[in-house]
Amino acid sequence: MKILHIEAGKHLYGGAKQVELIITGLTEKGVENHLICPKGSAIVKACSKHATVHEIDYPHELSFKALRQMKQIMQQLKPDIAHLHSRRGADTLGALAAKFTGTPCVLSRRVDNPEASLAIKLKYPLYQQVICISQGIADVLISQGVPKEKINVVHSSIPTAFYQNPKPRKEFNQTFSVDNDDVVIAVVAQLIQRKGHHYLLNILPEILKTQPNVKVLFFGKGPTKDALQASIKEQGLERIVQLAGFRDDLQDWFGCFDLLVHPAEAEGLGVSLLQTGAAKTPIIATAVGGIPEIIIDQQTGWLIPPKDETALQAAILDALASDQKREKLASRLQKHVESHFSVPAMIEGNLRVYQSILSS
């Protein structure tokens, strides 16, 4: 079986990391993998051992040059299936290239926001199958008219053991200038509006009244960085909140947080939640997209409504009030992640979709 993957993201964020895991796992199953990606992408180095990488010019989402190059590569390789992993135009350009070359294609959809009605009518007929990384995403597409028989739910996954050997808390404190008696709340997400960083900033002054030792670290980068920095300064929170940037060593630190908060307005699934859960760190997150498939309120964490600062504040205060409760919910979360979001299950799920396409 020869699979041509298309991933248009430039950085090795959650979605691209999933592509790396899929390609690695498929290679171990004897599948021949090829990858199309923009020149200079971080995924090139990550996947070069397990796939033949084809770097192309990809200046923007509707690049005719990128489309032409995708078409040429498909004509040359004649893959059994083209697997489109990214929505940065790859879902459209890749589907068109596949149609022009008669290549069956499958789309992995990783976000839960509704599609435009025109996209549902024009784009989704081009896919033989659609893989949704959560039931929440599947429900959105089905409600918009995508045929149910075309939808497959294959959860994203992580190699759980990779996140279960954190560095000592003392080293974490030194690295991020945290005092030994500080309580660390982390947010691991791109700095974009829908991740909801501002909701945490808005309630932080009230949290500090009863939890004066709280320190907040925002891990990630993105276009809202300047706005967040301005808000931090305006509220006098410079000594409390740290923009820690994008780090490729987060596996060393997930287990050092006292609490992870994920106040997103929308989320396909939330790979950072899986990573944090595998590290046995407690989580507060919003009931959007596929998050409720990871966080079950008062069982594997705290689940709150999106955009609800009152609920967010109450959940944080409840979590910080009891070390024992945080430990209990974090332990349950770790077991839940290990049993429901394994890499082998994800690989088998993708293979089943490929085989269903080829058999039909």
Checklist entry - Strictly under 6.0 Å, is that where the ring centroids of Tyr354 and His83 end up? => result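 Yes, the ring of Tyr354 comes within the 6.0 Å limit of the ring of His83, centre to centre.
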
Any donor-acceptor pair under 3.5 Å linking the side chain of [X] with the backbone of [Y]?
X      : Y      : value
His262 : Ala264 : no
Glu293 : Gln135 : yes
Asp112 : Gly136 : no
Ser41  : Cys37  : no
Asn213 : Asp182 : no
Lys78  : Gln75  : yes
Thr92  : Gly89  : no
Arg169 : Cys256 : yes
Arg88  : Gly9   : no
Lys99  : Gly94  : no

If only side-chain N and O atoms count, and only distance matters, is there a donor-acceptor pair under 3.5 Å linking [Y] with [X]?
X      : Y      : result
Glu338 : Gln164 : yes
Asn33  : His50  : no
Asn173 : Asp179 : no
Glu115 : Tyr124 : yes
His34  : His54  : yes
Trp302 : Asp318 : yes
Tyr163 : Gln275 : yes
Gln299 : Lys328 : no
Tyr199 : Glu265 : yes
Glu20  : Thr24  : no

Next on the checklist: The test is side chain to side chain contact (heavy atoms under 4.5 Å, CB included); show your working for Leu217 and Val187 and say whether it passes.
Outcome noted: CA-CA 6 Å; Leu217 274 68; Val187 180; over 6 Å; no

Next on the checklist: If we check ring-ring contact (aromatic ring centres under 6.0 Å, His included) with Phe219, which of these qualifies: Phe254, Phe257, Trp253?
Outcome noted: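 Among the candidates, only Phe257 passes.
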
Item to check | The single option from Leu201, Val241, Ile232 passing side-chain contact (heavy atoms from CB on, under 4.5 Å) against Val216 | outcome: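 Running side-chain contact (heavy atoms from CB on, under 4.5 Å) over Leu201, Val241, Ile232 with Val216 returns exactly one hit, Val241.
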
Next on the checklist: Run Val130 and Asn152 through side chain to side chain contact (heavy atoms under 4.5 Å, CB included) and show every step you take.
Outcome noted: CA-CA 6 Å; Val130 179; Asn152 307 267; 5.7 Å; no

Item to check | Audit row: His155, His340, side-chain hydrogen bond (donor to acceptor under 3.5 Å, both in side chains) steps and yes/no | outcome: CA-CA 8 Å; His155 284 131; His340 290 81; over 6 Å; no

Assess whether atom [atom1] of [X] is packed by more than 12 heavy atoms of other residues, nucleotides or ligands within 6.0 Å.
X      : atom1 : value
Gln76  : CD    : no
Lys2   : NZ    : yes
Lys225 : NZ    : no
Glu234 : CD    : no
Gln174 : CD    : yes

Next on the checklist: Measuring only between side-chain heavy atoms, which start at C-beta, is Asp80 closer than 4.5 Å to Pro104?
Outcome noted: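 In short, these two side chains do not touch, never coming nearer than 4.5 Å.
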
Checklist entry - Do Leu329 and Pro282 come close enough that some side-chain heavy atom pair is under 4.5 Å? => result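 Sidechains of Pro282 and Leu329: no contact.
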
For [X] and [Y], work out which heavy atoms get closest and say how close.
X      : Y      : answer
Ile43  : Ala16  : CD1-O, 3.8 Å
Thr286 : Ile291 : O-CG2, 3.2 Å
Lys280 : Ser331 : CD-OG, 3.7 Å
Ala46  : Leu12  : CB-CD2, 4.1 Å
Met346 : Ser156 : SD-CA, 3.9 Å
Ala66  : Asp57  : CB-O, 3.4 Å

Taking only Lys NZ, Arg NE, NH1 and NH2, and the carboxylate oxygens of Asp or Glu, determine whether [X] and [Y] approach each other closer than 4.0 Å.
X      : Y      : answer
Glu267 : Lys195 : yes
Lys215 : Asp258 : no
Glu206 : Lys209 : yes

Checklist entry - What's the verdict on side chain to side chain contact (heavy atoms under 4.5 Å, CB included) for Phe341 and His336, showing C-alpha distance, side-chain angles and the deciding distance? => result CA-CA 8 Å; Phe341 299 90; His336 181 65; 3.9 Å; yes

Checklist entry - Are Gln235 and Ser231 close enough, and set up right, to give a side-chain hydrogen bond (donor to acceptor under 3.5 Å, both in side chains), and what steps lead you there? => result CA-CA 6 Å; Gln235 297 187 66; Ser231 180; 3.2 Å; yes

Checklist entry - Can Thr52 and Leu35 be said to form a side chain to side chain contact (heavy atoms under 4.5 Å, CB included), step by step? => result CA-CA 6 Å; Thr52 302; Leu35 170 66; over 6 Å; no

Checklist entry - CG/Leu107 to CD/Gln128 distance, rounded to the nearest 0.5 angstrom? => result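 One finds 11.5 Å between CG of Leu107 and CD of Gln128.
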
Item to check | CA sep, side-chain torsions, deciding dist, call: Lys167, Gln251, side-chain hydrogen bond (donor to acceptor under 3.5 Å, both in side chains) | outcome: CA-CA 9 Å; Lys167 289 188 175 180; Gln251 71 276 1; over 6 Å; no

